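In what follows, a structure is listed as structure tokens, so that the remarks can point back to it.
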Amino acid sequence: MDPLLPPKFCNPDRSAAKWRDLRFLLNPGEFFAQHPVIGIAVLTPAVLLVHGYHPLADDGAVYVTGVKKLVNQSLYQTDAVFASSPTHLSIFAHVLAALLQWTHLSLPVLLLACHVASIFLFLLGSWTLAARIFPTPAARWGAVLLAACCFTLPVAGTSLSIMDPYVTARSFSTPLSLFGLAAVLDKQWGEAVLWLALAALLHPLMAAYAAIAMVTVALADRTAWRSLGLFYGPGFTLCAAIFVATRHDDPDLAYSRAALSRSYFFLSSWRWYEYPGLVMPLILLGIACGRAAWPARKLSIAATLMGSCALLTSVCFVHRSGSLVLARLQVLRAFHFVYIAGVLLAGGMLGRLAQQHRRAIGLLYLSLLLALFAGQRLAYPSSSHVEWPGLSPRNRWQQAFLWIRANTPRDAIFALDNDYIESAGEDAQGFRATAERSAVADFFKDGGIASNFPQAAAPWWQGSQATAKLNGASDAERSARLTPLGVTWIVLPAQAITGLPCPFINASVRVCRLSP
């Protein structure tokens, strides 16, 4: 031992241990394999930046409107049914409203925090499930990375994505379902029931399909094929009985119109290019049933069986002229589980191949990222890719909605054309959630609420008919249709012809006063 060196440098065991620690830190693959939570935390902001964030668009606006109504009951007096109905069967909006009051955070900041948390939980749930399927860290990370790439992948024509670029109840029910599936594979039945119960409090319908998936996975894990037959056979028979018993029922006319307006309820209303999104995953998963190793095979068997039964049920019993009870259950939502299972299984396979073909697999992942990024830009072309809290919106429709919030009476009632969310540059940005004003029902988003909550069907039909082709109507016709509904303001495209006073006009939108 050199007497000139300090003792800590003279200990060969300690020096070797430090060298091993340094190599461990310099090897990110090995480090993240040992610390998956850290790896997922690093991956979370990348998912946010790639897939974007639009908190007041599409269904995100529906939930935000419900939160705002719970916090301030004076809002949405004339259209309360559309603001409150989505809060009746879920605790999601109630939890957010309570968090706003307890934390004193602004709603935009809270929504972003919830979205980031949902990304993290989804990736963690994907890792947790992948860890029960794949024995190697490379395959597990391959599954998680593909889940990150396919975060906003549409699920055929069901009007669902694997996850959304905004916050809804499904943003958290989906990760909870993944944790429940992992608990099933661990045979931790109490834990599985707990995760499922939490998911049901947030989204009862998606939790019902998660429960079917859990039972299917549990029986496939035990190779209980007869039990699987006994599980799905009576379920199919029950659907047949409901179809026969209710096909001649005469539902409320307004509700019938609301349900029939949802093209994603009925396979016959899908576009031709949406059908391969049902068939191809089942074919690929069916191939995996015979070739994958057993831990992965049981998941592919469960997904193939559940998806096939959902497709068969829809073909046989969900028709535009048949039972609207089964249509309302949206049996093809079962493909949400099919898609997640398919992504994790494919990701695990790619993770194994990456050890021999790193460059090719890396290019494949990059191509998927770019494709999903491009898809989100095409879906929201006139909005910022990430709508950060506190920044002025780039979307001109949102600019008009914010002007309305700041410059019109709180009890004002607005009307927009019933398909305004299809307008160029509108990007499905929700009027009520942004403007915080009441509005006559529109055809698309309010029709979705009416199809799930019959109490909203009558005002939806009345409102959507009054605002049909509003942009091209004359001022006299607009006044005749809208004045009986108490409308005092209307929102029109900038190029619309009108003699009404319009105190706000930009390149896309004009806000006009219908009456003094």
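The first residue in the sequence is number 1, and the count goes up from there. Small disclaimer: the values here were computed from a predicted structure and weren't measured.
- Listed by chain and number, the residues in a side chain to side chain contact (heavy atoms under 4.5 Å, CB included) with Ala211 are Leu196 (sequence neighbours excluded).
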>> If you apply the rule side-chain contact (heavy atoms from CB on, under 4.5 Å), what do you find for Thr467 with Leu416, and how did you get there?
In response: CA-CA 7 Å; Thr467 55; Leu416 302 89; over 6 Å; no
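- The existence of a salt bridge linking Asp417 and Lys469 is excluded, since no basic side-chain nitrogen approaches an acidic carboxylate oxygen closer than 4.0 Å.
- When the side chain to side chain contact (heavy atoms under 4.5 Å, CB included) test is applied to Val244, no partner is found at least two apart in sequence or on another chain.
- Shown here for Tyr63 and Val167, the closest heavy-atom pair between the two residues is CB-O, 4.3 Å.
- Under the 3.5 Å distance criterion, the side-chain polar atoms of Ser85 are matched with a main-chain donor or acceptor of Val81.
- Without hydrogens or angle criteria, His385 side chain to Pro381 main chain gives no donor-acceptor distance under 3.5 Å.
- Taking the six-membered ring where the residue is Trp, Phe122 and Phe151 present perpendicular rings, their angle passing 60° and hence far from 30°.
- Taken to the nearest 0.5 Å, the NE2 atom of His94 stands 11.5 Å off from the CG atom of Leu201.
- Under a 3.5 Å cut-off, the side chain of Tyr76 and the backbone N or O of Arg432 do form a donor-acceptor pair.
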>> The test is side-chain contact (heavy atoms from CB on, under 4.5 Å); show your working for Gln398 and Val509 and say whether it passes.
In response: CA-CA 10 Å; Gln398 278 190 299; Val509 190; over 6 Å; no
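- Arg328 places no side-chain N or O within donor-acceptor distance of the main-chain N or O of Ala259, the cut-off being under 3.5 Å.
- Residue pairs that meet the side chain to side chain donor-acceptor pair (under 3.5 Å) test with at least one member in residues 48-60, sequence neighbours left out, are His51-Thr152, His54-Glu387, Asp58-Tyr380, Asp59-Lys445.
- For residues 218-238, every residue pair satisfying the ring-ring contact (aromatic ring centres under 6.0 Å, His included) rule, not counting sequence neighbours, is listed here: Phe236-Phe317.
- Sorted by first and then second residue, the pairs that involve residues 192-217 and meet ring-ring contact (aromatic ring centres under 6.0 Å, His included), not counting sequence neighbours, are Phe179-Trp195.
- For the 3.5 Å distance criterion, the side chains of Ser438 and Asp79 qualify, holding a donor opposite an acceptor.
- Residues Asp442 and Tyr420 meet the side-chain proximity criterion, which asks for heavy atoms closer than 4.5 Å.
- The ring pair (Phe, Tyr, Trp, His ring centres under 6.0 Å) with Trp460 is formed by just one residue from the set Phe444, Tyr255, Phe443; it is Phe443.
- Among residues two or more places apart in sequence or in another chain, the side chain to side chain donor-acceptor pair (under 3.5 Å) test is passed with Arg405 by none.
- A donor and an acceptor atom, one from each side chain of Asn418 and Ser464, are nowhere located under 3.5 Å apart.
- Here Leu485 pairs with Val440, Gln462, Ala466, Val487 under the side chain to side chain contact (heavy atoms under 4.5 Å, CB included) rule; sequence neighbours left out.
- Under the 30°/60° scheme for interplanar angles, the aromatic rings of Phe92 and Phe172 are found to be tilted.
- In this structure, Arg170 contributes its side chain and Ser161 its backbone to a donor-acceptor pair below 3.5 Å.
- Proximity of a side-chain donor or acceptor of Lys68 to a complementary backbone N or O of Ala433 within less than 3.5 Å is detected.
- In terms of the salt bridge (Lys or Arg N to Asp or Glu O under 4.0 Å) criterion, Arg297 has no residue partners (sequence neighbours excluded).
- Atom CG of Leu284 is separated from atom OG1 of Thr304 by 9.5 Å, given to the nearest 0.5 angstrom.
- Taken to the nearest 0.5 Å, the CG atom of Leu253 stands 7.5 Å off from the CH2 atom of Trp461.
- Gln429 and Ser383 share a donor-acceptor pair across their side chains, judged by distance under 3.5 Å alone.
- Partners of Glu477 under the salt bridge (Lys or Arg N to Asp or Glu O under 4.0 Å) rule, at least two apart in sequence or in another chain, are Arg481.
- Formation of a donor-acceptor pair under 3.5 Å by the Thr158 side chain with backbone atoms of Val155 is found in this model.
- Listed by chain and number, the residues in a side chain to side chain donor-acceptor pair (under 3.5 Å) with Lys298 are Asp221 (sequence neighbours excluded).
- A search for side chain to side chain contact (heavy atoms under 4.5 Å, CB included) contacts involving Arg226 returns Leu230, not counting sequence neighbours.
- With hydrogens and angles disregarded, a donor-acceptor distance shorter than 3.5 Å links the side chain of Thr87 to the backbone of Ser84.
- Residues Leu238 and Pro234 have side chains not in contact (no heavy-atom distance under 4.5 Å, counting atoms from C-beta outward).
- Taking all atoms of both residues into account, the shortest heavy-atom contact from Met163 to Ser171 is CE-O, 3.4 Å.
- In this structure, Arg478 contributes its side chain and Ala473 its backbone to a donor-acceptor pair below 3.5 Å.
- In plain terms, the two heavy atoms of Leu202 and Ser173 that are nearest each other are CD1-N, 4.0 Å.
- With sequence neighbours excluded, no residue forms a ring-ring contact (aromatic ring centres under 6.0 Å, His included) with Phe337.
- Asn395 places a side-chain N or O within donor-acceptor distance of the main-chain N or O of Gly425, the cut-off being under 3.5 Å.
- Summarising the geometry of Tyr264 relative to Gly157, their closest heavy-atom pair is CB-O, 3.2 Å, with the distance given to 0.1 Å.
- Nearest heavy atom pair, residue Cys114 against residue Leu96, reads SG-CD1, 4.2 Å.
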